[in-house]
Amino acid sequence: MFNESLPMVLSYNDNPNFYRVHVPAVLTFRDLLVLEGLAARGVDVFTLLKRWRNIHPFAGNGRQPLPVPLREFVEERYGAVSMSEAEHRLGWDMFEHLRLRFERVLINAAPPLLRESRARLLAQIRANLPTFE
């Protein structure tokens, strides 16, 4: 989509009103989570999105030469991309739920005489794992 829309954008932008048209963009749900994380860090996401779409085919005036995905643009400007802490916590909780459910399946699949020892072993392994906090 970016490559096919660039000639149309250039034809509109040949006039004196250079900021009239921008290349269309696709935002994924992951991009929205990244924007939420940047907003939590104090970054003005509206300005970020404007700069992301402000391209120039010859990289004039420090602008992007070609459109890039939002994730690549953010990594170039801000380094590591981070989600909001609430979404990170939600993902952590979901993983913990799945891990605990798998532990219960392992314990129930063991012969009755081994269930208690397997439960103790899994509890010891769980105690050595890192926590969210």
Side-chain angles (χ1 to χ4, degrees):
M1 181 170 70
F2 291 136
N3 294 332
E4 294 193 17
S5 62
L6 188 59
M8 292 186 290
V9 170
L10 290 176
S11 67
Y12 281 107
N13 287 341
D14 282 339
N15 63 28
N17 188 1
F18 198 82
Y19 296 102
R20 190 167 163 183
V21 178
H22 296 285
V23 174
V26 176
L27 287 175
T28 63
F29 185 72
R30 170 79 174 137
D31 292 336
L32 295 175
L33 294 177
V34 167
L35 289 174
E36 184 180 2
L38 289 171
R41 289 179 18 200
V43 175
D44 183 3
V45 294
F46 295 108
T47 305
L48 174 78
L49 290 172
K50 170 73 172 145
R51 289 183 181 148
W52 174 48
R53 297 293 46 169
N54 192 13
I55 66 161
H56 188 279
F58 304 112
N61 301 327
R63 291 162 46 196
Q64 288 290 111
L66 291 174
V68 295
L70 179 64
R71 184 179 180 100
E72 187 177 325
F73 180 80
V74 169
E75 284 175 351
E76 179 184 308
R77 299 246 192 236
Y78 299 100
V81 177
S82 62
M83 290 190 301
S84 68
E85 188 168 332
E87 288 296 326
H88 186 70
R89 179 63 194 219
L90 183 67
W92 179 274
D93 290 343
M94 184 188 78
F95 177 75
E96 284 297 305
H97 172 75
L98 292 174
R99 193 179 55 71
L100 291 173
R101 186 172 178 176
F102 182 70
E103 281 184 14
R104 284 194 303 268
V105 169
L106 281 177
I107 292 168
N108 291 338
L113 294 175
L114 296 177
R115 287 182 184 166
E116 188 176 325
S117 64
R118 186 168 286 183
R120 279 195 310 268
L121 175 66
L122 291 173
Q124 182 182 8
I125 291 172
R126 187 179 337 113
N128 293 330
L129 291 176
T131 62
F132 185 78
E133 290 78 22

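Numbers for residues simply follow the sequence, beginning at 1.
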Main-chain N/O of I107 paired to R118 side chain as donor or acceptor, under 3.5 Å: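 Answer holds: no.
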For N108, is there any backbone N or O sitting under 3.5 Å from a side-chain donor or acceptor partner on R115?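 Yes; at least one donor-acceptor contact below 3.5 Å.
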Could you give the distance from [atom1] ([X]) to [atom2] ([Y]), rounded to the nearest 0.5 Å?
X	Y	atom1	atom2	value
L49	R51	CG	CZ	11.5 Å
L122	R104	CG	CZ	12.0 Å
E75	L70	CD	CG	10.0 Å
E76	W52	CD	CH2	13.5 Å

Using side-chain heavy atoms (C-beta onward) and a distance below 4.5 Å, is I125 in contact with E103?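 No. Closest side-chain heavy atoms not under 4.5 Å.
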So do the side chains of T28 and R71 get within less than 4.5 Å of each other, counting heavy atoms only?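 Not touching, per the 4.5 Å side-chain cut-off.
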Carefully, step by step, assess L48 and L35 under the rule side chain to side chain contact (heavy atoms under 4.5 Å, CB included). CA-CA 9 Å; L48 174 78; L35 289 174; 3.6 Å; yes
Would a single hydrophobic cluster contain both [Y] and [X], if residues Ile, Leu, Val, Met, Phe, Trp and Tyr are joined by side-chain heavy-atom contacts under 4.5 Å?
X	Y	value
F46	V34	yes
V105	F95	no
L100	M94	no
L129	L121	no

Which pair of non-hydrogen atoms, one from T131 and one from W92, has the smallest distance, and what is that distance?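 Here T131 and W92 meet closest at C-CZ2, 3.5 Å.
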